[in-house]
Amino acid sequence: MKSREIRKQFLDFFNDKGHAIVPSAPMVIKDDPTLMFTNAGMNQFKEFFLGNKAPKNNRVTDTQKCLRVSGKHNDLEEVGKDTYHHTMFEMLGNWSFGDYFKKDAIAWAWELLTKIYKIDKDILYVTVFEGADAEGLPVDQEAYDLWKAIVPEDRIILGNKNDNFWEMGDQGPCGPSSEIHVDIRSEEEKAKTPGKDLVNQDHPQVVEIWNLVFMEFNRKADGSLEKLPAQHVDTGMGFERLCMVLQDKKSNYDTDVFTPLIREIETITNAKYNKEEEINIAIRVIADHVRAVSFAIADGQLPSNTGAGYVIRRILRRAIRYGFTFLNQKEPFIYKLVDTLIKQMHEFFPELKKEKNIIVNVIKEEESSFLRTLAQGLVLLDNIISTNDGKIISGAKAFELYDTYGFPIDLTALILEEKGYGLDEEGFLEELEKQKNRSRAATKVETGDWEVLIDDPIEEFVGYDTLETQVRLTRYRKVASKKEGEMYQLVFNITPFYAEGGGQVGDKGYLESPNGDVVYIIDTKKENNLIIHLSKNLPKNLNDTFKAVVDTKQRNRTAANHTATHLLHQALRSVLGSHVEQKGSMVHSGYLRFDFSHFSKVTAEELTQVEDFVNARIREQLPLQENRATPFQEAVNQGAMALFGEKYGDLVRTVKFGESIELCGGTHVKNTGDIWHFIITGESAVAAGVRRIEAITFDAAKEYFANQTDAYNQVKAVLKSNATDPVKAITALQDENIALKKQVEQLLKDKAKGLKTELKAMLEDVNGVKFLATKVALDQGSIKDLAFEMGNEYNNLYLLFASENDGKVMLTCYVSKEMVKEKNLNAGQIVRELGKLIQGGGGGQPFFATAGGRNPEGIPEALKKAKDYIL
Ligand code: ATP
Ligand code: MG
């Protein structure tokens, strides 16, 4: 069975059981401070489990793009080395939100695997939670009994808390789980060791395929458990592992999910899969990582130096490095695999095809730049080796190479080994640990339990219509981090505060108690669909009704920038072409930033056209036309562009100004006239094929003009008499300056000529040498000219000039070539020795040399000693 049919059968099966099929959420998570990437199917439903929002369907099923490379689930180091962990994989799942529970979940899982997919029952094992005394948790008897009715008892294995109790995080929903494992070993091997003994023992052919989680509890900050008001089912099955079983293979990489990629890698690199383990690992790493990176880029996450972007960069670099070392690839090649990947996946994941250009270009560019880093690292490593005492390279040096230059440590170790050197690995790990601790301490956040005052889980946002309203506090909790100190997170029944999202910053403002006390709201963020207001302190009386007031000035500036961002998007598509797509945006109160796909620098003329376009829309005074509940498809039909990597509901908000229409949850001006004016302040590259424009509007534009005017007036004031036409005046000054420079040069030349005559008269005959040692008041260039000119006139010359310029003392020595030979005079040696007298050093050639120093007091002595060389 082909993988695409396997996927379809799963979804159809649960659809028949009343589950709505929903799309995969983006793999890159944007609005959740607790998670960078989706690492399980349940992530997108967290808000339902937490009770922050009611689901539309209480049974859903999907396949979810997951990435396990950071945080709690990090499989990166396993990937490629084993045959069943990936960085990016699909997790098939079915969910019950307070609907069915263990009975149906277990029965359906078994039915699907054994009846529909027809997996032989004799290769399946199931696990059940054995309980945990310390937590007062009993064995999951209910699950055990349900399994016992369909599976022989010797195939049911009790598992500990580590394997069979699932938790969302340190706090939050959790519960026992029941896993299904497969044993796909050969009959001989099965005869040797029973499969039962290998479950959860990291055997590559006795692996977990499906995890059924029964969410029963909520874990509080103090570690205690409380029963959830409603019970849920959350299941996750690894799609690639399922394909391995159904296609009768021993490795995920031998299924049709991966073989096209592996064939392509073989073709490009001339390496053969399944010959040598080192090469196999490299091929698997590359086949896996190109998927993770392509999907991430399609979801809008470009490689970068921070956060999620850095994680993506590291994955790609791991692939490049394996190709470099084990497949001998010194030129970019991974980008060439994208075509094959797209062919394989585009039916189910159309975003790949749509974003192909960006994916290919970004990967290629990253490859080139990291290959340069590798080449540079090799040179640095050679340097370290050649200057090292002994045969062991210290951990600190290897760490610097790793941390500052991005040079992979395993590559360092390998090269050192080849050259007969050792690496202090422990020292390296210590350095790494130190760095991790530093960043961990800086980012660690301690979160308290929610204190619930009013049971009102749905917090209504009214901030599109009003900036001030009466609110009640429904819950709050304390959070503490080293970086930001202690803070409170407040949740209200209703709020005018916009939470950071869609690139727009969160609102600031204050809460006022009836008695006039004020608590400042310093930021507003969203977490699992909950609007959270941050404050440094709590109101005195928590049960008051407060007046909640948004900082109008900041909000208005931000709104102007947000609307301008839409107009900018429209302008770019009109001026540059419809290939322009939004790749990111940042809307602050002070400025806006917009990233978009475009393959060359935007020219000055184009920028002017874009600016003019936006300003024309501003002058047209277009009113805001918004619709908060447009069916998604209708919005798209109207011309609004859905961004990959964004999560949209069935009903979306559309924001329209004239011809500009966008899907947007942000806050906007009522009329484009309120933007006042739009000025582009910068254009730059973010990545291959992605440009960035920065701009300002409204107050910031006014300030910009005021500053420009001010500067202009100052220029005029400085120019005094020529104030009417400063450009003309400045040009005249520049011309005058050029003329004066020429005059000065001429004068200096004349002076040097006069000086030459004077100095010639001062030459002394000492033992057949024409000698002069004296101080001259010339710059270094003129001294050199002078010495050489005099040298042209004599063939037995020996000169030592001393000069002082800007506190710097110089000695210049000239010796005719003939004297170098006959008298054994050496200008280089002379300045080195005499240079000491002026606390300096220098050198040069035997016939001409200079020394610079700091001690003018030494000049007379140096001049005196010069003669000693010919006496
Ligand atoms: P394992 O112990 O094999 O790492 P897990 O306990 O981490 O698995 P879960 O978190 O329960 O797995 O995820 C549900 C299912 O997703 C697993 O049963 C497995 O089929 C699949 N899965 C988990 N991690 C990966 C991965 N890195 N690559 C591919 N599939 C995975
Ligand atoms: Mg795991």
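This chain uses plain numbering: 1 for the first residue, then up along the sequence. Side-chain atoms are counted along with the backbone in the values below, which use heavy atoms only and exclude waters and symmetry mates. Start at 1 and go down the list; that is how both ligands and their atoms are numbered.
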Fill in: From CA spacing to verdict: side chain to side chain contact (heavy atoms under 4.5 Å, CB included), Trp110, Val151
CA-CA 9 Å; Trp110 195 252; Val151 188; 4.0 Å; yes
Worksheet item: Under 30°, 30 to 60°, or over 60°: which ring-plane class applies to Phe295 and Phe349, parallel, tilted or perpendicular?
Response: perpendicular
Worksheet item: When you look for heavy atoms under 4.0 Å from ligand 1, do you find them on the side chain of Arg68, its backbone, both, or neither?
Response: side chain
Practice prompt. May I ask you to identify the nearest protein heavy atom to atom 28 (N) of ligand 1, giving residue, atom name and distance to one decimal place in Å?
Written response: His86 N, 2.8 Å
Worksheet item: For ligand 1, which atoms, with element, lie under 4.0 Å from some heavy atom of Asp75?
Response: 24 (N), 26 (C), 27 (N)
Discussion item. Which residue in the set Phe10, Trp95, Tyr100 passes ring-ring contact (aromatic ring centres under 6.0 Å, His included) when paired with Trp108?
Written reply: Tyr100
Worksheet item: Would you say His73 and ligand 1 have an N/O pair spaced under 3.5 Å apart?
Response: no
Worksheet item: What protein heavy atom is closest to atom 14 (C) of ligand 1, reported as residue, atom name and distance in Å?
Response: Gly236 O, 3.5 Å
Worksheet entry | Element-labelled atoms of ligand 1 that are located less than 4.0 Å from some non-hydrogen atom of Tyr84 | 28 (N), 29 (C)
Fill in: Within reach of ligand 1, part of Ile209 (heavy-atom separation under 4.0 Å)
backbone
Worksheet item: For atom 22 (N) of ligand 1, which of Phe89, Trp210, Phe239 has the closest heavy atom?
Response: Phe89
Fill in: Under 3.5 Å side-chain donor-acceptor pair for Gln64 and Asn43
no
Worksheet item: Which residue supplies the protein heavy atom nearest to atom 1 (P) of ligand 1, what is that atom called, and how far is it?
Response: His85 NE2, 3.5 Å
Discussion item. Is the contact between Glu78 and ligand 1 made by the side chain, the backbone, both, or neither, using heavy atoms and a 4.0 Å cut-off?
Written reply: neither
Discussion item. With heavy-atom distances below 4.0 Å as the criterion, list the atoms of ligand 1 near Met91.
Written reply: 13 (O), 14 (C), 16 (O)
Fill in: Contact check: Glu240 vs ligand 1, nitrogen or oxygen atoms, below 3.5 angstrom
no
Practice prompt. Let me see the working for Phe333 and Glu367 under side chain to side chain contact (heavy atoms under 4.5 Å, CB included), right down to the final yes or no.
Written response: CA-CA 8 Å; Phe333 75 103; Glu367 285 193 83; 3.9 Å; yes
Item to complete: Provide the number and element of each atom of ligand 1 under 4.0 Å from a heavy atom of Asn211.
Response: 11 (O)
Item to complete: Please test Phe97 against Met215 for side chain to side chain contact (heavy atoms under 4.5 Å, CB included), starting from the C-alpha separation and ending with a verdict.
Response: CA-CA 10 Å; Phe97 307 120; Met215 275 187 226; over 6 Å; no
Worksheet item: Is it true that Glu264 and Lys343 have a side-chain N and a carboxylate O under 4.0 angstrom from each other?
Response: no
Discussion item. Would Phe428 and Tyr402 count as a ring pair (Phe, Tyr, Trp, His ring centres under 6.0 Å) here? Give the steps.
Written reply: CA-CA 10 Å; Phe428 173 80; Tyr402 162 83; 5.5 Å; yes
Worksheet item: Can the positive tip of Arg7 be found less than 6.0 Å from the middle of the six-membered ring of Phe239, inside 45° of the ring normal?
Response: yes
Worksheet item: Can you find an N/O atom of Gly238 closer than 3.5 Å to an N/O atom of ligand 1?
Response: yes
Fill in: Glu208, Arg241, Met244, Gln64: member with heavy atom nearest to atom 3 (O) of ligand 1
Arg241
Item to complete: For ligand 1, indicate whether the residue Trp166 contacts it via side chain, backbone, both or neither (heavy-atom separation under 4.0 Å).
Response: neither
Item to complete: Test side chain to side chain contact (heavy atoms under 4.5 Å, CB included) on Arg241 and Asn252 and set out the steps.
Response: CA-CA 6 Å; Arg241 291 187 192 178; Asn252 287 5; 3.7 Å; yes
